[in-house]
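Single-structure report; data block below.
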Amino acid sequence: MKIAILVEGATETAFKPILEAFLKLRLQQKMPRLKFIPYDGRIPKEAKLKRIVENLLIGKDAYNAVIALTDVYTGTDDFIDATDAKAKMNAWVGNHPKFYPHVAQYDFEAWLLPYWSTIQKLAGHNKLAPSGLPEQVNHNNPPSYRIKEIFEIGKCKRSYSKIRDAASILRKNNLMDAVNLCPELKAFINTILFLCDSDLIP
C-alpha cells in the first residue's frame with residue numbers, strides 16, 4: 001500500500017514522525033509506504049490540485065490513494081469550515097474515488113490544544129486553555145494564534161515555532177488523547193487505517 005499525503009511543509013516536519021510512530025503500533029505488518037509531499041504554505045487548490053492528484057494516481061509508480069490535508073484557516077477566505085473545505089477539494093479534483101480530502105479545523109494547532117499543560121511548561125506561562133472542544137476554537141482567533149500568544153507572553157521570551165514546538169509538544173504526549181477530542185484528526189487517521197484494511201478507531 002502506497003499513500004501520498006499532500007500537506008503544508010511545517011506541518012509535515014512536525015507531524016510526520018509522530019503519525020508514523022502511532023500508525024506502526026496499530027498496523028505493524030500492514031504499515032503502508034507513506035509519501036509526504038510538503039508545500040510551502042498551503043497545499044495547491046482548484047485545477048492545480050486536480051492535476052497533482054491525477055499525476056500521483058497514474059503510471060507504473062502510481063499511489064493507491066492520495067490524501068490532502070489542509071487547514072480551514074489558510075490566511076484566505078477559501079473555506080468556511082471543515083465540511084466546506086472537504087467538499088471544495090472533492091469538487092476541484094472531481095470526486096475521484098482514490099482521493100481523500102481531510103482538514104485540520106481550524107488549523108493544525110487545534111490538535112495541540114489537548115496538551116495545554118505541556119504548552120504552558122514550554123511557554124513558561126499559566127494562561128488558561130481556550131474553552132470548548134479543540135476543533136471548535138474560534139476561526140477569527142485560531143489555535144495557532146492562541147499558542148503564539150502564550151509563548152510571546154511567557155518566560156520563554158520567544159514566539160511559537162511549529163517546526164520546533166509542535167514536534168516537541170507531540171513527542172511528550174500520546175496522540176490518542178488528541179484523536180479522542182478531535183473528530184477531524186480521527187477521520188484523517190481512520191482513512192489511513194481503512195486503506196490498510198485495519199480496524200478503525202471508534
Side chains of [X] and [Y]: does their closest heavy-atom pair fall under 4.5 Å?
{"X": "Ile43", "Y": "Tyr39", "result": "yes"}
{"X": "Met1", "Y": "Lys30", "result": "no"}
{"X": "Phe36", "Y": "Lys16", "result": "yes"}
{"X": "Ile3", "Y": "Lys35", "result": "no"}
{"X": "Val66", "Y": "Tyr100", "result": "no"}
{"X": "Asp81", "Y": "Val103", "result": "no"}
{"X": "Phe108", "Y": "Ser144", "result": "no"}
{"X": "Asp40", "Y": "Glu8", "result": "no"}

Are any of the side-chain nitrogens in Arg26 or Asp199 under 4.0 Å away from the carboxylate oxygens of its partner?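 Salt bridge absent between Arg26 and Asp199.
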What is the distance from atom OH of Tyr63 to atom CZ of Phe99, rounded to the nearest 0.5 Å?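 Output value for this atom pair is 15.5 Å.
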About how many Å separate OH of Tyr115 and CG of Leu122, when rounded to the nearest 0.5 Å?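 Those atoms lie 13.5 Å apart.
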Identify the two heavy atoms, one from [X] and one from [Y], that lie closest to each other, and give their separation to 0.1 Å.
{"X": "Trp116", "Y": "Lys127", "answer": "NE1-O, 2.7 Å"}
{"X": "Arg146", "Y": "Asn141", "answer": "NE-O, 2.7 Å"}
{"X": "Pro44", "Y": "Leu49", "answer": "O-CB, 3.7 Å"}
{"X": "Glu184", "Y": "Ala82", "answer": "OE2-CB, 3.4 Å"}
{"X": "Met89", "Y": "Ala68", "answer": "SD-CB, 4.0 Å"}
{"X": "Phe79", "Y": "Lys88", "answer": "CD2-CD, 4.0 Å"}

Working for side-chain contact (heavy atoms from CB on, under 4.5 Å), residues Lys98 and Asn64: CA-CA 7 Å; Lys98 294 184 179 180; Asn64 300 101; 5.9 Å; no
Just checking, any donor-acceptor pair under 3.5 angstrom between side chains of Glu135 and Trp111?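 Short answer, yes.
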Go through the side-chain N and O atoms of Tyr160 and Tyr145 and say whether any donor and acceptor fall under 3.5 Å apart.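 Their side chains do not contain a donor-acceptor pair, so the 3.5 Å distance test is not met.
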Thr191 side-chain N/O to Ala187 backbone N/O, donor-acceptor pair under 3.5 Å: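 The answer is yes, because a donor-acceptor pair under 3.5 Å joins these two groups.
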Without swapping roles, check the side chain of Lys2 against the backbone of Asp61 for a donor-acceptor pair under 3.5 Å.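 Yes: the side chain of Lys2 pairs with the backbone of Asp61.
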Starting from [Y], can I reach [X] by hopping between I/L/V/M/F/W/Y residues whose side chains sit under 4.5 Å apart?
{"X": "Ile5", "Y": "Met31", "result": "yes"}
{"X": "Leu57", "Y": "Leu6", "result": "yes"}
{"X": "Leu185", "Y": "Leu181", "result": "no"}

Can you check side-chain contact (heavy atoms from CB on, under 4.5 Å) on Val72 and Asp107, steps first, answer last? CA-CA 6 Å; Val72 168; Asp107 57 26; over 6 Å; no
Could you go through residues 164-175 and list every donor-acceptor pair under 3.5 Å that involves a side-chain atom there, pairing it with any protein atom two or more places apart or in another chain?
{"residue": "Arg164", "atom": "NH2", "partner": "Ser159", "partner atom": "O", "Å": "3.2"}
{"residue": "Asp165", "atom": "OD1", "partner": "Arg158", "partner atom": "NH1", "Å": "3.2"}
{"residue": "Asp165", "atom": "OD1", "partner": "Arg158", "partner atom": "NH2", "Å": "3.0"}
{"residue": "Asp165", "atom": "OD2", "partner": "Arg158", "partner atom": "NH1", "Å": "2.9"}
{"residue": "Asp165", "atom": "OD2", "partner": "Ser161", "partner atom": "N", "Å": "2.8"}
{"residue": "Asn173", "atom": "ND2", "partner": "Thr118", "partner atom": "OG1", "Å": "3.1"}
{"residue": "Asn173", "atom": "ND2", "partner": "Ile169", "partner atom": "O", "Å": "2.8"}
{"residue": "Asn174", "atom": "OD1", "partner": "Met176", "partner atom": "N", "Å": "2.9"}

Decide if atom NZ of Lys186 counts as having more than 12 heavy atoms of other residues, nucleotides or ligands within a radius under 6.0 Å.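 Buried by this count: over 12 neighbours within 6.0 Å.
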Apply salt bridge (Lys or Arg N to Asp or Glu O under 4.0 Å) to Lys148 and Glu152, showing your working. CA-CA 6 Å; Lys148 182 173 183 282; Glu152 292 181 351; 3.0 Å; yes
